[in-house]
Amino acid sequence: MRVELRLAGYGGQGLITAAVILAEAAGLYMGREVVQTQSYGPEARGGSSKADVIISDSRINYPKARHLDVLLALTQEACDKYFQNLKEGGTLLIDETYVTVSPTPQAYVIPARKTVREVFGKDTFINTVALGALAELVEELDHQAVKKALSSRVPPKTLDDNLKAFELGVNLGRKAKDAPPLKPADADL
Amino acid sequence: MALTNRDILHKYLRHNKRFPHIWCPGCGIGIVLGACLRAIYDTGWSKDEVVFSSGIGCTGRAPVYVDFNTLHTAHGRALTFATGIKAANPKLKVVTMMGDGDAVGIGGNHFIHACRRNIDITAVIVNNMIYGMTGGQQSPTTPRGALASTARTGVVEQPFDIAELAVASGASFVARTTSYHVHQMEKLIYRALAHPGFSVVEIITAAPTCFGRRNKYSDAVEMVKEQKAMAIDVKKAEGMGFDERRSRIVTGVLMERDAPEWTRTYAEEVRGESPAGDSGNSPGETTPEETK
Amino acid sequence: MSGRPQRELLCQGNEAVVEGSLAAGVRFFGGYPITPSTEIAEILSVELPKVGGTFIQMEDEIAGIGSCLGASLSGAKSMTATSGPGFSLMQELIGFGCIAEIPMVIVNVMRYGPSTGLPTSPSQGDVMQARWGTHGDHPIIVLTAASVLEAFHMTVKAFNFSEKYRIPVILLLDEVVGHMREKVLLPADEEVQVVNRVKPEIPPDWYKPYEVTNTGVPPMASFGEGYRYHVTGLVHDEMGFPTQVKSEVTASTDRLFDKITRGFADICITDSYQTDDAELIVVAYGSVARSAREAVDQLREKGHKAGLFQITTLWPFPRTSLENTAKVARMMVVVEMNRGQIYREVWRVSRGRWTVHKVSGTDGEMIAPQMIVDAVKEYGQWR
């Protein structure tokens, strides 16, 4: 078993934190080998941000993701740039606001930003919603493990909201899974 | 019973160090070192708890002659070592002797930050206004128009006023005197040592070989006489304009204030230790009045 | 720092350096923030005060290493962390630490250079700077690490070597290892072997701070312990006093080298993988060793007799281990994120016994296994 995930978007979306939580879930709560790396630009906010997680049953040598099983893209640019690294049949998860043009009808589309604005009134916890959706969509991920890692990593003050956002993400993931493939027209929203 | 000057020198100079020292006849560094030793004697500190450190240059050679924990660092870096020594063991009494080039040339950044940090170190700065050890190149304190081996037609820049720089940078005790005013020098160094915070004593000295000869002084005595003539007490200098102040040597205590000292503040605010009863740098039983 | 149990955690390389330093007994950090090493300073600013230690952010990297050398003279195990530009600023005082024989650890998380370069991208461009950056003849110990767990253990080793041999030790990480997170099982503190500097046991009057001893390493008193002695960057005699006497100058410098030469077998750490029958040996260190290991696996799958020689102690260069490993090797490929710094060492050691090629990754990206496999095919005359 070897799963390569990439979380890509812009700085400030919390993608590196989300990747750390996934890595901790897989490593500490699912007993897997795990490596997490990232690359980022000089900006603390804005600029591109990319975080990789490799989960495996065996020793992981090269730590960077090459053949992605999972790509979460939270900007159009990230989606366009890394889609080519996604394996055939791999899981592409995008947000309907940030990514308006899907490169494939097979993409899972969730309204993460729209939902957090409705529920929390601001653009926060998008990364946690995405984590919930990933936990639902990626069969190698265990919900409870991700939740445990999430609980141990976020500030205690925000724990309730984070858990709420996680469940929202799980539901959005489930809906996206059940939704029919995008029509070519939908894929070019 | 106070010791004589000679007793004090014998107490503190290293008997196993090969003398003579490296300084030229007429140089002021030895006068300053002697005053340091007498002031340290007055504090009552034991030799084992004193760290005597320096950088590079003529002044940088001072520590090797004295019987303390002594440290001769790289050019300009004395205060960085001193900061680590003091921060890691606040019980040590750290004295740093630097020249003008060492303190405010190559080490200028460390100097202003040590002032800002207000860590309990005493900086004794021997300002002879020249790079002596390398043969008389201009320093950051060489006066405008003075001749130096790298300023053959006269220095075209304005000099630093070291004491004013220290005040502006946040040092909590700043004083200045000249190598003529030996008694005042000793008292000021004592007060600097006793002060809990970063303390600076600038001493204007003569470098007859490297500054004097090129600038047409007949000898060291003439240079020291000029220091005497130029000196003006800080109280008398009040109200003087900038240019007039700069044309004199303003002596005395330019700054003395209570300010949070770094090692104490770190211990209390960062480590959460209870406030220490005794100051890290307080002298022993003696006071200047008792010993003089 | 007793009492921390064995623990499994997801840990970044820079965090592992902090964990290792605490296990080794660090009590002082002086430094200046710089990407990609900053996490080390940030975390130690929190952790050091908890163990009675001191963290101080200095005005620049020169002050950072200066404060560490001073703190070490006060008896505190000291560390600073930086990256290329800051490492360049530290060079003069690294030499001071060598000649005055002051233990401390310098971590350089290498980024792409020269100059500001690519601040967030990995490189291994400081290998030669670590060896020869400070002026004058001097020995140096430089360690590296290929994983988060190794970063922990090599930090402990760095402290131990610095204390044992009284020398600044440099830990050269690259950005990949510094920022990568892995699951690690860190040993309990009491399981970690910690070496402390030898202190004088003789009366202060008898103490010669730079005496020739049978280990080559003189005992070191801390300031304030009653052994009042002189520390200088000038060449000095046994008493620490400056000297220009030829015999004393030679003796002083010879001893600096001698103590490291004697420790060679102890200091040189390497690892071999699949090298027993290897005709081709891939030489790598730091994060690149991971790619090299995978490349070796791929080459083996295709039937090639390939092996990996992983260097952990870069300096002194582990010449003997390399020679012993290369029993049947006919070709070596040195893979590094620079244009061939260790390549030259391997070539120097080869003396015609094997051909030496290089794979250089100098685009700010970590070298991928495929690049190594492709290069080996290109150099294919080994088969």
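Below, all heavy atoms of this structure are taken into account, side chains as well, without hydrogens, waters or symmetry copies. Please read all numbers here as calculations on a predicted model, not as lab measurements. Throughout, a chain's letter reflects where its sequence line sits, starting with A, and its residues are numbered from 1.
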Which is it for Ser37(C) and Thr82(C) under the side chain to side chain donor-acceptor pair (under 3.5 Å) test, yes or no, and what are the steps along the way? CA-CA 6 Å; Ser37(C) 75; Thr82(C) 188; 5.3 Å; no
What residue, out of Gly52(C), Ser45(C), Ser72(C), has the most heavy-atom pairs lying under 4.5 Å from chain B? Gly52(C)
Decide salt bridge (Lys or Arg N to Asp or Glu O under 4.0 Å) for Glu101(C) and Arg255(C); before the verdict, give the C-alpha distance in whole Å, the side-chain angles of both, and the deciding distance to 0.1 Å. CA-CA 11 Å; Glu101(C) 300 180 74; Arg255(C) 190 176 55 72; 2.5 Å; yes
Do Glu59(C) and Arg116(B) sit within salt-bridge range, that is, some charged N less than 4.0 Å from a carboxylate O? no
Heavy-atom contact with chain B under 4.5 Å, split by part of Pro242(C): both
So which of Gly70(C), Gly224(C), Gly95(C) has the largest heavy-atom pair count under 4.5 angstrom toward chain B? Gly70(C)
Which one of Lys47(B), Arg61(B), His110(B) has the most heavy-atom pairs closer than 4.5 Å to chain C? His110(B)
Interface residue of largest heavy-atom contact number with chain B, from Ile62(C), Leu93(C), Leu73(C), under 4.5 Å: Ile62(C)
Taking the six-membered ring for Trp, are Phe223(C) and Phe68(B) closer than 6.0 Å centroid to centroid? no
Knowing that exactly one of Val195(C), Ile260(C), Asn160(C) qualifies, which makes a side chain to side chain contact (heavy atoms under 4.5 Å, CB included) with Tyr165(C)? Ile260(C)
Working note: His113(B) + Met58(C), criterion side-chain contact (heavy atoms from CB on, under 4.5 Å); need CA distance, chi angles, decisive distance, verdict. CA-CA 8 Å; His113(B) 284 274; Met58(C) 296 299 286; over 6 Å; no
Taking side chain as everything from C-beta outward and backbone as N, CA, C, O, which of these in Phe55(C) sits under 4.5 Å from a heavy atom of chain B? Side chain, backbone, both or neither. both
Taking the six-membered ring for Trp, are Phe241(C) and His230(C) parallel (under 30°), tilted (30 to 60°) or perpendicular (over 60°)? tilted
Contact origin within Ala76(C) toward chain B - heavy atom pairs under 4.5 Å: side chain
Would you call the rings of His195(B) and Phe173(B) parallel, tilted or perpendicular, taking 30° and 60° as the class edges? tilted
Could you look at Val64(B) and say if it's the side chain, the backbone, both or neither that has a heavy atom under 4.5 Å from chain C? both
Bottom line for Tyr266(B): the part with an atom under 4.5 Å from chain C's heavy atoms is side chain
Take Thr141(B) and Asp100(B) through the side chain to side chain donor-acceptor pair (under 3.5 Å) test and state the conclusion after the steps. CA-CA 7 Å; Thr141(B) 58; Asp100(B) 41 303; 3.0 Å; yes
Option in Val50(B), Thr70(B), Val66(B) with maximal non-hydrogen atom pairs under 4.5 Å from chain C: Thr70(B)
Greatest number of heavy atom pairs closer than 4.5 Å to chain C - which of Thr83(B), Val51(B), Asp67(B): Asp67(B)
Atom group of Phe28(C) that falls short of 4.5 Å from chain B, counting heavy atoms: side chain
Under 4.5 Å from any heavy atom of chain C - which part of Arg14(B): side chain
Would you please test Phe159(C) and Ser21(C) for side-chain contact (heavy atoms from CB on, under 4.5 Å) and show each step? CA-CA 7 Å; Phe159(C) 274 97; Ser21(C) 68; 3.6 Å; yes
Is chain B contacted by the side chain of Glu92(C), its backbone, both, or neither, given a heavy-atom distance below 4.5 Å? side chain
Most chain B-contacting option - heavy-atom pairs closer than 4.5 Å, from Thr54(C), Ile65(C), Leu69(C), Val46(C): Thr54(C)
Among Ser78(C), Gly30(C), Gly53(C), the residue with the most heavy-atom pairs under 4.5 Å to chain B is Gly53(C)
